[in-house]
Amino acid sequence: MKKIFYILWGIAFILGCIGVAQRFMYGHELANYGNRVVWGLWVAMYIYFIGLSAGAFLLSSLVYVFKIKMFEKVGKLALITALVTLLCALLSIWFDLGHMWRAYEVITRPNLPHSMMAWMIWLYSAYFLLLVLETLYAFRIESGKYDGDKLKSYQKKLGILATIGIPLAIAFHGGVGALFGVVAANPMWHSALTPIFFLVGAIASGSALFTLIFAFFWDNKKGEYYQNMLKTLAKIVLVAVLFDVLLEWAELSIALWMGSPEHTAGFRAMLFGQYWYVFWIFHLLFGVVIPVWILATKKNGIAIGWASLLVAFTFIGVRLNIVVPGLIGEKIPGEASAYIQPRLTYNYFPSMMEWLVGIFIVAFGIGLFYLGNKYFKLTKENNSVKS
Amino acid sequence: MGNTKKNDRRDFLSKFGTAFIAGAALSPLISNASELLETENNVTEIKNFKGSFEDLLGGDYTNIKLRMQDDVRRALKKPMKDRKWAMAIDLRKCVGCNACTVACIAENALPPGVVYRPVIKEEIGTYPNVSKINLPKPCMQCDEPPCVDVCPVEATWKREDGIVVIDYEACIGCRYCMTACPYEHRMFDFGEKYSDGLPLVANYDKRPSFEYGKEWDREDRHSSPIGNVRKCTFCAHRLDEGLLPQCLTTCIGGANYFGDLNDEDSVIAKLVSRLNVFRLKEEMGTEPNVYYIR
Amino acid sequence: MKNKIKNNESRRSFIKKSALLGVAATGSLTGFSAIASMTEEEKRKFMYELQKPENIIYSACLQCHNSCSIKGKVFDGKLGKIDGNPYSPQNMLPHLDYKSDIEFASDVDGKVCPKGQAGVQTLYDPYRVRKVLKRAGARGSNKWETVDFHQAIDELVNGGNLFGEGNVKGLKDIIVLRDPKVAKEMAADAKAFGKGKMTLEAFKAKHANNLDKLIDPNHPDLGPLNNKFVMMCGRIEHGRKEIGKRFAHGTMGSNNFFEHTTICEQSHHIAYKEVSNQWVVKDGKGKWTGGKTHLKPDILNSEFVIFFGTGAFEANFGKTSMAQKVTDGLVDRNLKLAVIDPRMSQTAAKAHWWVPIKPGTDAAFAWGMIRWIIENERFDKTALTNSNYAAAHETGETTISDATLLVKIENGKPTTFLRANEIGLGSSTDFVTMVDGKPTKLDIHGKKAIHGDLLTNTTIKGIEVKSSFQLVVDEAMSKTLGQWAGISGIKVNQITEIAKEFTSHGKKSAIDMYRGAVQHTNGYYNGVAIIYLNMLIGNTDWLGGMQVGGGHWHEDGSKHGIYNFKKANHPNKLTAFGPPITREKSRYEDYSLFRENGYPAKRNWYPHSGNIYQEILASGEDKYPYGIDFLFLHKGTPLLSAPGGNVAIDYVSDPKKLPIFIASDIVIGETSMFADYIIPDTTYMERWGTPHTTPDVAQKASKVRQPIVPSITEMVDINGEKMPINLEAAYIAIADKLGLSGFGENALDNGLPLTRPEDWYLKHVANIATEGKAKEATDEEMKIFESARRHFPKEYVNMDRFRKAVGGDESLFRKVVYILNRGGMFEDYAKSFAKAPYAEHQLKGFLKFFPENVAKTKNSITGVNYNGIGAYEVIKQMDGTPTGFETVKDDELIMSTFKEVFGGQSRTISNYWTQLSLDPENVLYINKVDADKRGLKNNDWVTLHSDSNPEGIVDLKNGTKIQVKSRVRVIQGVRPGVVTMSWHFGHWAYGSTDVVIDGETIKGDARRKDSACPNPIMAIDKSLNMCLTDPIGASASYFNTKVRIKRA
Ligand SMILES: Nc1nc2c(c(=O)[nH]1)N[C@H]1C(S)=C(S)[C@@H](COP(=O)(O)OP(=O)(O)OC[C@H]3O[C@@H](n4cnc5c(=O)[nH]c(N)nc54)[C@H](O)[C@@H]3O)O[C@H]1N2
Ligand SMILES: Nc1nc2c(c(=O)[nH]1)N[C@H]1C(S)=C(S)[C@@H](COP(=O)(O)OP(=O)(O)OC[C@H]3O[C@@H](n4cnc5c(=O)[nH]c(N)nc54)[C@H](O)[C@@H]3O)O[C@H]1N2
Ligand code: SF4
Ligand code: SF4
Ligand code: SF4
Ligand code: SF4
Ligand code: SF4
Ligand SMILES: [Mo]
C-alpha cells in the first residue's frame, strides 16, 4: 500500500517537475489559457487551495478560539493542513504570473486601497505570518517543555492570534471571493453572494479535506475519539456542503430566472456548455449527491473518508466553474469572430503543461504534508497534549 | 499664400458649384473651422512645432487628417495635464476593411493573440433587407478605468492626458486587469511569434515594438513585454512625437477622428458633441474616450 | 524641423540614452519608462525611428494590382513598417502638394488597405525561394535541388540531358531566327501570304535559306520557331511588362508574351475599348484605333453611383483610393449608391439599393433601365443629337456619340455604318446621319455643327438603315420591363427606381462595373449594355460623371522623354510575327489556316482581345495553331487562378507534352511547383517598377516602385554587375548567353548599356522627370536619399552607378532623386478641378452604341457574326450552344466568387496578420433558405461538385488528390440559389506542403492549406479543355457554373 503510494507520488513528482521545467523554459507559451479565457486551471487551483486552507484554519479555531475540547487533538493537524494548502495556493498563483520574479512587487508597491488583489495579497501575507506564528506557539505549548507563566503567555498569545485569525481568514478568503465579485465587467462573478459563496465553499472543502485526512490517517481508528470526532466532522461537512448547495441554488436561480442573456451566459455555459459534465457529474453527482447520501447514512470511517474525499476533490470543479464559465462569453457580441487566433478563442481546456504543473503542486503539497506529519506526528492520538 | 489670394480662389471655384472641397468630413463644421485655421496660422507659437501640416496642401481645400495632426501638435504645446485625448469613429464611414487592425499590429509589433483594434462585424436583417455593421474597438481610454483600480501593483494608470498606460517593467502579468475591462480590450503577451513552427523566424517577428518610446525586443522569452498585459495606447509613442495614431492614418474609409477634447477648436471637440454620438457600454460608467458616430 | 537632420543622433546612442533613463526610471516605484521622465523639450528630440526621413523609402505596393504608393519605413536595415505615401492621390485625400518638403512629409502617413499593411509578411515569408531550384524528381514531385544561377542559365540555353529523362531542347535550338533584317522581311511577307496576297511558292523562293527557321514552312504565316518560346505572365505590372515585351518580342523574336488579363477583367476593357475607339482618317483611309479600356466614376463629385458587379470597399481599382470618396460622399454630401451584386458586399451594405441580381444577367437589368429611360425620355437628348465635335462644342460637351449615325441593316441585322460614298454623298471616311429626315454626310471632325435625328428607320437608295439609337431602342423595346426584370430575377421597381435616380442628377450620376458584370461568356455584351447607360446621360468628362482619370507622364519616353523606349533604344531588335498562340489580336480570315479549313476553326480566334490567359496552356496542349517548346511562367498561377485551371495539370506535368517549363516566382507556387526550374524573384519591395494608376484617380500620377530593402534572393555577378537574382537578372543573363540584342553592353542607343535593372528603370524615371519638368533635389535631399539607402550593399545600390544609369547628367540625376524621394510624380489635388464643371483630364472622344468593328467579325467556330450592340445573351459555349445555365435544378446552386478586402489574389496566404487571422479559412456562403432546404448548419462541411468536375477533385498527378471541400456559412446576404466563395484559399503549394530541397525536408505550414478554392469545380468548355470563355472579350467565365453540394 505504502509502496504504491510512494511510487505514485514519485511518478507524479517527476511529471510535475517536467511541467515546471517547461513553465520556466517556455514561459506561458505552452499554456492553454488565452486572451479571452484569461485564467485557467492554476487560478482555479489557487482559489481551491486557498479555500482548503481557510476551511482547515477555521476548524483549528474551534480549538484555539472556541476552546472546543474535542478538537484539541487535531488542532495542529488543522493548522499544518492550512499552512500546506496555503503554500500550494501561493505556488499555483506564482506559476500563473507573467513575470514570476516580480512577485515581490505586490509587497513593495501595492495598489492600496483600490485593488482587491492587493488587499488579498496583504491579507494572506498577514494570514501566512499568523499561521506560522500560531503553529509555532501551538507546538511550543504542546511540546511540554514549557509550563507556568510561559505556557500561559503562550496560550494567551495563541488565543489572541487565533482570534485575530478568524476575521482574517474570513476577510482574506472572502477577499478572494471579492476579487471576483467586484469585477463589474463579469456578470457571473459580479454578485454580492460571491464572497460568501467562497467562504462557505472554503468551509465545505476545507473541512472535507480535514475529515478525509482524519478518517484515513488517524492512527488509532479503534478509539472512541476517532468515532466521535468522525461523526462530528461528518456533520460539519454535511451541513457545509448543503449550505453551499443552497447558496449555489440562490445564485443560479436568481441569475437564470428571466435573467438577461448577458447575465446568464456564464451560468448557461456552466450548465449546458461544452463542459456541462463538470457541473452535473463532477460537482453535483460526485461532489454533492453521493457524498451527502453517504454522510447522511453511513457512519464508518472509510465511508466518511471517501465521502469527504469526494467533496474535497471535486471542489476543484466548483472552482473551475467559477473561473472559466465566467470568461467564456463574449463581452461584446461578435468579438469571437472579429480576429481569429488560438489565443482569442472562448474555449479552454488546460494544456498538458498546465496539468503537469498542477500535478507538481499537488505532489508538492502531499509531500510537504507527509513530511510534516512524519516529523510532528500529527495524526498520532497520544501525541496530543491535554490542555 | 496670403489669405486674400486664397479666398479669391475659393470664389472662383465655387462659382461652378462643384463639391470640390474634399476631406470635408465635417462639412457643416469645416467652414468655420478652416477660417479658424486661417487666423490661427498667424499664431507663431503654433507654427513653431513644425509649422502647420495644412500648409502642405497648396490649394484651397482642407485635409481633415492634417488638421488633426495640427490639433495634436497644438495640444502638445500645453502641459500634459491640460490635454485630453479622444478618438471618434464614424461607423457610417467604416467599411470593415481591418486596415486599422493590421496597421496597429504592424506598428506595435504585436504577437499572435494580441490585437488592439479588432473590428467586430455583424450582418443584420433578413434577405433581401440586409445590411452589415462594422465596429472597430480600440481601448476606450476610460475616464473611470476599471482596469486600473484592480491592478495589484500600480503597473497601470491613467496618464494625465487620459491615456491608460502599462508600465511593462512593473507589470507582473497577473491578468486581473483583463478580467476587469468591460471591453475585453487588454491582452496578454504569451511570447509567441507568427512564424512559430515555420522553417525560420521571420524578420517581422523580430522587430522590436516602440511602445512608450522605448525599444522592446522580443529576442528573450522572459523579458517584457512578453509576460505582460498589453493594450492600445492611442499610439502614445507616436502622439508624443506629434504623430497621429496609426489606425487613424491608414483608415481607408476616413472613419477616424482624433484630438484634444480640451481644445474647443479641435476637430474632435466639435464632433463629440453631436446628436448621433454614442459610447460603448455607457451603462458601465467607465466614461470612455472613444466615441462612435452612427 | 531642421533639428531632425542636425540632431542626427545615431540609433545606437539613442538606445544607450534611453537605456540609461530606463534604469533611472525603474528606481522609483511608480516611475515609468524613458519617455515619461523626459521633459517636453527632450521628448521632441526623441525622433521616432520609423518616421525619420532617412529611414523612409517611398515605393509602390503590389499586394493587389492597385499598386498604391507606399512609404516603406526601414528599421535596422529591414523593412519595419509600411504606410501610405502622403504625396500620392491614391493614398491621401487630398494628398500633399508635390513640392512639400520630404522632411516635413515624413511625419504624415497616408493610408493603405490591410493587405498593404501586411506587405512585410510577403517580403519576409519564410517560404521564399532564394536560390535557383531545379527539379530533382518528376514534375510536381516537390523534390528540388539548388543550382548555381549561371549553371541554370547555361542549361536552359544549351539544353541536353538535364533531368536524366533524355535530351531536352535548349533555347538556342528554339530561338533560331536571329537576324533582324531577315525577320523583318519574313514578317512582312508572312503577313502578305496569310492574307492571300503572296503565294506560298513565292514566299518559299524568297526565303529559301530560312525556311528551317519557321514553325511550318507550309504555313509561314504562323511565324518562326521562336514563337514556341512563350512567356506567360500573371500579375506583371508596368515597367516589368515593357521590359518583358522587349525581351520576348525584340530579343527572343517570339510573338508570345502574355499577361493574365482575361482571367481578370478583360471583357470590361474590351467593351470600353470597342465603344470608345476612335475613327482616325489617314491618307484617305479610315481606321478604328485606340480607345480607353477603363473609365471610372468621379465619385468625389457624383451624386449617384451604381456599381455593377463590383464595389468601392473590398476589391476594384481600387478600395484604397475609392473608399473614402464614397464614405465622405455618403456622410457629408448627398451621394447615393446602388449595388448590383448577388452578394451583399460591404459597399452594398452602405448602399441605398442592393439588387441581388441573378448571375449572368446584367445586360438584362441594364436593358430594363434603358427601356425605362427611353420611354420616359430621361436621356440627355441634346448630348445624343450631337453628331460631330463641332456640335458637341456648341452644346458644351466634350464627347460625341454615334446615336444619330446610320447603320446598314442586312437580313434584319446591323452590319456596318453607312459610309457617305455608299449613297453618293461623300467619301468612304465619312458617315451619314439624318438631319430632319434628310441624309447628311458627316465628318465627325467637320467644322459645321451637325445635330442629327435620333430615330431613323428607313431605306436610302435601296439600303436599309437605322440610326444607332434606333438599334438601342429596338433592343430595349424587344422585351417588357417585366420580362427584363424576370430575366434578372428581380422586381420591376428595382429597375425603375434606380433608373429614375440615375437620371435625376444631370451629369452627376455614373456607373462603375467590374468583374461581376463581365467575367461571363456574355461579358462583353453586358459591359457594352452598361456603358450605354452612361452614354444615355452623356456623363463622360463631366465632374461627377465618368472620368478617364489623370493618367501618367510617359515613362517610356514616347512624349518629351529623353529615352524613347517605344520607338527607339533597341538596336538589332527582332521583328516577331505570326499569330500569338492564343490567336489574339488576329483575324482567322487573315491566315492560311482559314483558307484551308474555313469554319469551324479548331479553336476561336480573337481579333478584339488580348492577353488570353486560359488559352495559352489549352492551345499549347492542343498544338493549335502550334505547340509550346519552352514555357516561361512569371508571377502567375494559372492552375489555381483560372476557372478549371487544374485541367492543365495534365499538360504541364508531362515533359513529353511540354518540353521545358521554367517559372519566375517568389515561392514554390501552385503552378511553379510543376516547373523544371524556378528562378527566384524579388518581391515588390525589393525591385523596380513604374506602375500606372487607376482612373479612379483624377490627378496625373507616375508612381515609381523602387527597392526599399536589399533582396533576400542570392546575389549574382553578371559580367561584373552584382545584383540579386530576379526576373531582370534572368533576362540579362539569357540574352547575354544567347548573344542576342536588347540587353548587355550597347543594348541601348548611343552605346548605352542595359547591364543591370537600374539602366532600364532609372531612365524611365528620367523620362518622367523630363516630361513632367521635375525640380532638382537640393543638397539636403540628396543627402537624405543616400542616407536612406545606407542599408544596401554598395555594389548593389550606389550613387555613381545610379547617376550613370540616368545617363551621367547631374541635373537630370537630381531630378530623378527628387522624384524617387517622393515615390513618383503627382499632380496637385486642385488641378483636377481647374476646369470645373469638366474633369481636367478628358476623353474628348467618340463613344459608340454600335461598335462596328465587333459587328464585322465572326466567331471562328460558328462562322456567324457577332452582335453589333450589347444585347442580352444567355450563357453559351464557344460554339454558340447554350449551357443551360439559366435553368437551375432543385439540387443545383449557382457558384459565384469574390475577393475579400484582406486577400490579394492567391498571393496573400503568407500574410498571417490579415488573411490567416481575419477569416482563416474559405467558407461557402449560402443563404439561410438554401441551407435550411438542405438541412445544413453553420460550419457544416460540404464537398462541391459540378458537371465539369463531378467528383470535385483536383488531381496533382503526383499522387495527391485534393477534394474541393469547405464549411458553409449560413447568411442572409446572398441571393437564394447562389453560393459564393472568396478566392484566396485552397492552396496546394505556396508553403502549405512539405518540399524536399537538396535532400532536406522543409515542413509546410498546414494553415495555408485550409479549405478550398472554388476554381477547380468551375465550368469547362468541354471541346476546348478550358473554362467557358467570352468569344469577343475573351474573359474567363467565373460565374456561370452550377454546383451541387454534398455534406462531407
Ligand atoms: N482585396 C482585393 N482587391 C483587389 C484585388 C485583390 O486581389 N484583392 N485585385 C485587384 C484586381 S486584379 C481586380 S481584377 C479587381 C477586381 O475587383 P472586383 O471586380 O470589384 O472584384 P471581385 O470580387 O472579383 O468582383 C466580383 C463581384 O461581382 C459579384 N458578382 C458575381 N456574379 C455577378 C453577376 O452576374 N452580376 C453582378 N452584377 N455581380 C456579380 C460578386 O458577388 C462580387 O462581389 O480587384 C482589384 N482589387
Ligand atoms: N475564384 C476566383 N478566382 C479568381 C478571381 C476571383 O475573384 N475568384 N480573381 C481573378 C483575378 S481578378 C485575377 S487578376 C487572377 C490573378 O491570378 P494570377 O495572376 O494567376 O495569380 P496571383 O494569385 O496574383 O499570383 C500568382 C503567383 O505569382 C507568384 N508571385 C507572387 N508574388 C510574386 C513576385 O513578386 N514575383 C514573382 N515572380 N512571382 C510572384 C506566386 O506564386 C503566386 O501564386 O485571379 C483570378 N482568379
Ligand atoms: S477600455 Fe478597458 S483597458 Fe481600456 S481603459 Fe477602459 S477598462 Fe481599461
Ligand atoms: S497584468 Fe499587469 S497591469 Fe494587469 S493587473 Fe496584473 S500587474 Fe497590473
Ligand atoms: S491608437 Fe495606436 S495602439 Fe491604439 S488601436 Fe490605434 S494603432 Fe493601435
Ligand atoms: S481602417 Fe477604417 S474603414 Fe477600415 S475597418 Fe478600420 S476604421 Fe473601418
Ligand atoms: S489596394 Fe492593393 S495596392 Fe493598394 S495598398 Fe491595398 S493591396 Fe496594396
Ligand atoms: Mo484581376
Toward chain C, the part of T126(B) with a non-hydrogen atom under 4.5 Å:
both
Please look at R1007(C) and chain B and tell me whether the side chain, the backbone, both or neither of the residue comes under 4.5 angstrom of a heavy atom of that chain.
side chain
What residue in A202(B), C251(B), P199(B) has the most heavy-atom pairs under 4.5 Å with chain C?
P199(B)
Of the listed residues (C113(C), P114(C), P976(C)), which shares the most heavy-atom pairs with chain B below a 4.5 Å separation?
P114(C)
Against chain C, label D90(B) side chain, backbone, both or neither, depending on which of its atoms sit under 4.5 Å from a heavy atom there.
side chain
Could you look at L918(C) and say if it's the side chain, the backbone, both or neither that has a heavy atom under 4.5 Å from chain B?
side chain
In sequence, state the C-alpha distance, the side-chain angles, and the governing distance for V120(C) and N203(B), and then conclude on side chain to side chain contact (heavy atoms under 4.5 Å, CB included).
CA-CA 8 Å; V120(C) 269; N203(B) 273 320; over 6 Å; no
Would the distance check show the side chain of K132(B) and the main-chain N or O of M344(C) forming a donor-acceptor pair, the cut-off being under 3.5 Å?
yes
Is N276(B) close to chain C through its backbone or its side chain, or both, or neither, when contacts mean heavy atoms under 4.5 Å?
neither
Under 4.5 Å to a heavy atom of chain B? For V326(C) that would be neither
Determine yes or no for a side-chain-to-main-chain donor-acceptor pair under 3.5 angstrom, with T249(B) supplying the side chain and G110(C) the backbone.
no
Side chain, backbone, both or neither: which part of K928(C) has a non-hydrogen atom closer than 4.5 Å to chain B?
neither
Heavy-atom proximity to chain B below 4.5 Å, by part of N927(C):
side chain
Turns out that what part of W354(C) lies under 4.5 Å from chain B's heavy atoms comes down to side chain
Considering only heavy atoms, which portion of C94(B) lies under 4.5 Å from any heavy atom of chain C: side chain, backbone, both, or neither?
backbone
Considering only heavy atoms, which portion of D109(C) lies under 4.5 Å from any heavy atom of chain B: side chain, backbone, both, or neither?
both
Which bit of Y912(C) comes within less than 4.5 Å of chain B, counting heavy atoms only: side chain, backbone, both or neither?
both
Rounded to the nearest 0.5 Å, what separation is found between the CG atom of D205(B) and the OH atom of Y124(C)?
12.5 Å
Using a cut-off of under 4.5 Å on heavy-atom pairs, state which of Q117(C), E900(C), R975(C) scores highest against chain B.
Q117(C)
Engaged part of C97(B) at the chain C interface, taking heavy atoms whose separation is under 4.5 Å
both
Which atoms of K1003(C) are under 4.5 Å from chain B, going by heavy atoms: the side chain, the backbone, both sets, or neither?
backbone
If you tally heavy-atom pairs under 4.5 Å against chain C, which of T101(B), I124(B), L243(B) wins?
L243(B)
Any donor-acceptor N or O pair under 3.5 Å, side chains Q972(C), N129(B):
no
Return the CG to OH distance between D930(C) and Y127(B), rounded to the nearest 0.5 Å.
10.0 Å
Between V115(B), I105(B), L198(B), L200(B), which residue shows the highest count of heavy-atom pairs closer than 4.5 Å to chain C?
L198(B)
For chain C, the option from E123(B), K65(B), R92(B) that forms the most heavy-atom pairs under 4.5 Å:
E123(B)
With distance as the sole test, does Q324(C) use its side chain to make a donor-acceptor pair with the main-chain N or O of I252(B) at under 3.5 Å?
no
